[in-house]
J.: 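The following block contains the structure, expressed as structure tokens.
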Protein chains: 2
Amino acid sequence: MNVTIYDVAREANVSMATVSRVVNGNPNVKPATRKKVHEAIERLGYRPNAVARGLASKKTTTVGVIIPDISSIFFAELARGIEDIATMYNYNIILSNSDQNKDKEIHLINTMLGKQVDGLVFMGGDITEDHRQEFRNASVPVTLAATLDESMETPSVNIDFEDAAYEATNLLLSHSKRVAYVSGPDNTIVNTRKLNGYKKAMKEHGLGIDDELLATGDYSYDSGLEAAEQLLDLDERPSGVFVSSDEMALGVIHGFQDQGVRVPEDIEVFGFDNTRLATMIRPTLSTVVQPMYDIGAVSMRLLTKLMNKEEVEETNVILPHRIVERNSTNAE
Amino acid sequence: MNVTIYDVAREANVSMATVSRVVNGNPNVKPATRKKVHEAIERLGYRPNAVARGLASKKTTTVGVIIPDISSIFFAELARGIEDIATMYNYNIILSNSDQNKDKEIHLINTMLGKQVDGLVFMGGDITEDHRQEFRNASVPVTLAATLDESMETPSVNIDFEDAAYEATNLLLSHSKRVAYVSGPDNTIVNTRKLNGYKKAMKEHGLGIDDELLATGDYSYDSGLEAAEQLLDLDERPSGVFVSSDEMALGVIHGFQDQGVRVPEDIEVFGFDNTRLATMIRPTLSTVVQPMYDIGAVSMRLLTKLMNKEEVEETNVILPHRIVERNSTNAE
DNA sequence: CTGAAAGCGCTAACAA
DNA sequence: TTGTTAGCGCTTTCAG
């Protein structure tokens, strides 16, 4: 049997209430008593049972984190931001992978709520009405990290995807006119926003949208390789391509290079995210800096405020993004 | 207030014990009663409180996972293996980053035990006597994933690092004689093992250990870049270099290429781990396949057995590794 | 400043 | 097959 608060009380000749007070740093304890109790704790090797505490106090100091895939370099970085801030505020994290599968997502939300998490950070694809329904029933706060709820109902932390895509495309267009776009999976809100940014820039340059300049991938390296192939097959090759994730962009670059096409001399390539991969390729990748770590950190910080019922002025946070030009695009 | 088992009992006109039985799938319930209870549950939207259950049953169905850094591509893959198997056996995971900091590690072990996890998967650097002490006091099983305890006291899952390094070095030596080794941080057991493998191969080829052929990094891309620089500065450059992680190997390759040195024509490069990075570079990286996902999965599976008090024949599991030759080394 | 006592929501004997 | 009754280990009034 493990040693309980009761054992400590007996050992220290006080009541369990007093032990509870010193363990919880309640100031209403005479220093002498406090010392006595601490000694007893030490002697017995007492370690408070957080489960019992959770049941009695209705707080578990743990938050749930639902993530599409922790082995993705993108989400892992987000997770690190979340965990660091959680630790800072003395929370632990229950982490589960959803693979963006809606059923799994709903199921995970429920098991985590069953475990009485004090809050939830959710990352995924689109937020549907079903998701919102679950969040409303949650009785604990939820924040979204790098995830969009078009209804704006759920607190969230993101960047302005459309604007970021717009700027990236613009930069490419300032060099030449034929720029392609390699998107992520269709029909997700994020993708739509990015596509809108691309289209907007094209339009402003008096260019139409040429469907053969549009390729679709799944954010993976291999799908980038395929997109490159597709683009190279065109009668009139693009002069620049904007790719919606760094990992895919690496694929695109290698796909080009494997065919003897030089980057950026023959075709320029622009990425999105600025994961660590961006500097792990030659030429180094020009890309949109999406501050994943910060998005994770801010969404967790936001969650702590919500859990403390603090007032928050803005619940749908837009973090700044920026463009970094490296060697996969031509200098001015 | 949330709805409790008691509310359901009243709603269904049965005792809470019966509700508990149906919730837990106890077969000793008349089908009609079971149905009645299920309906009441549905009607009330009852969701069992896992914390109360944990307190009463002394099982939380959650396990702790201590990991150096979830944003590392290597550990993230391990974590995915752990989480998948945990999910399969109906456990959740509390995940925390230790940054290989011993104090943090010890602290995390304690908070997780305080949260009454049913077991612990630990990843880190070396296991010290202090670690072992904590594990012994744990009262729940612990397994190590890709982490060595020289005392063999703690159950673990690894590959044979020395042998893997030996094979990799041998392959390089079969092409030419001057092979360098870029190690991870000194003084860790894993690194010592790998170094021993390298030395053994050199010795068997009648070669001495030339200190200037030994570089040290920290597994990061940038430290690979630096190692390359150091190696290129040598009066007599190496003909091959064995690098103790893929990420560093990418750095080494780019460090070479940036100086106009061709890989593998001028210098061959061999990696370790076979992370996804290995195919995301040109030339693609020849490397040692360390099955990270499997190591995570097996260590979690081992933990479930230990938690169930099942007999396990081998508690220090060595998984097979293999060599994959790609384009950063010369074909035979 | 300290103690007594009533739960928190559930499981697990033990009876019936 | 079902109900009764103790707890699990801690927090939290409420008294004193």
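Keep in mind it's a predicted model, so treat the numbers as computed, not measured. Order of the sequence lines sets the chain letters (A, B, ...), proteins ahead of strands, with each chain counted from 1.
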J.: For residues B:Thr33 and B:Val14, determine if any side-chain heavy atom of one lies less than 4.5 Å from a side-chain heavy atom of the other.
T.: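 With C-beta onward as the side chain, the pair touches.
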
J.: Taking the nucleotide of DNA chain D with the closest heavy atom to each, which residue, B:Ser15 or A:Asn49, is nearer the 5' end?
T.: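 So the residue in question is B:Ser15.
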
J.: Could you tell me the separation between the CZ atom of B:Arg47 and the P atom of C:dG9, rounded to a whole number of Å?
T.: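 Answer to the nearest Å: 14 Å.
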
J.: Which part of the nucleic acid does B:Val14 contact within heavy-atom distance under 4.0 Å: base, sugar-phosphate only, or nothing?
T.: sugar-phosphate

J.: Below 4.0 angstrom from OP1 or OP2 of C:dG9, is there any side-chain N or O of A:Lys58?
T.: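 Affirmative; the distance criterion is met.
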
J.: Out of C:dG9, D:dG3, D:dC10, which nucleotide sits closest to the side chain of A:Tyr46?
T.: D:dC10

J.: How is B:Thr18 classified with respect to the nucleic acid when contacts are heavy atoms under 4.0 Å: base, sugar-phosphate, or nothing?
T.: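 Touches sugar-phosphate only.
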
J.: Rounded to the Å, how far apart are A:Arg53 CZ and C:dG7 P?
T.: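 That distance rounds to 22 Å.
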
J.: Measure the distance from CG on B:Asn26 to C1' on D:dT2 and round it to the nearest whole Å.
T.: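 That distance rounds to 11 Å.
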
J.: Figure out the CD/C1' separation between A:Gln116 and C:dC8, and round it to whole Å.
T.: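 It is 10 Å, rounded to the nearest whole Å.
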
J.: Taking only side-chain nitrogens and oxygens of B:Ser20, does any of them come within less than 4.0 Å of OP1 or OP2 of C:dT11?
T.: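 Checking C:dT11 against B:Ser20, a side-chain N or O does come within under 4.0 Å of OP1 or OP2.
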
J.: Can you tell me if B:Asn92 and B:Thr62 form a side-chain donor-acceptor pair at under 3.5 Å?
T.: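 Judged by distance alone, the side chains do not pair up.
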
J.: Using 4.0 Å as the upper bound for N to carboxylate O, is an ion pair formed by B:Arg132 and B:Glu129?
T.: yes

J.: Rounded to whole Å, how long is the line connecting atom CE of B:Met16 with atom P of C:dT11?
T.: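 Rounded to whole Å, this separation is 8 Å.
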
J.: From the options C:dG9, C:dT2, D:dC10, select the nucleotide whose nearest atom is closest to the side chain of B:Ala56.
T.: C:dG9

J.: Salt bridge or not for A:Arg136 and A:Glu153, using N-O below 4.0 Å?
T.: yes

J.: In this structure, how many angstroms lie between the P atom of C:dT2 and the CG atom of A:Asn24, rounded?
T.: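 So the CG-P distance, A:Asn24 to C:dT2, works out to 15 Å.
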
J.: Quick check for you: among C:dT11, C:dG9, D:dT1, whose closest atom lies nearest to any side-chain atom of B:Ser57?
T.: C:dT11

J.: Would you say the side chain of A:Arg21 and the base of C:dG3 hold a donor-acceptor pair, judged only by whether the two atoms sit under 3.5 Å apart?
T.: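 Pair found.
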
J.: Return no unless some side-chain N or O of B:Thr33 is found under 4.0 Å from OP1 or OP2 of D:dT1.
T.: no

J.: State whether B:Arg80 and A:Asp99 are salt-bridged, where the test is any N-O pair (Lys NZ or Arg NE/NH1/NH2 against Asp/Glu carboxylate O) under 4.0 Å.
T.: yes

J.: Nearest-Å distance, CG (A:Leu55) to P (C:dC10)?
T.: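 Rounded to whole Å, this separation is 9 Å.
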
J.: Can you check the B:Asn28 CG to D:dT2 C1' distance for me, whole Å?
T.: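 Checked: the CG to C1' distance equals 10 Å.
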
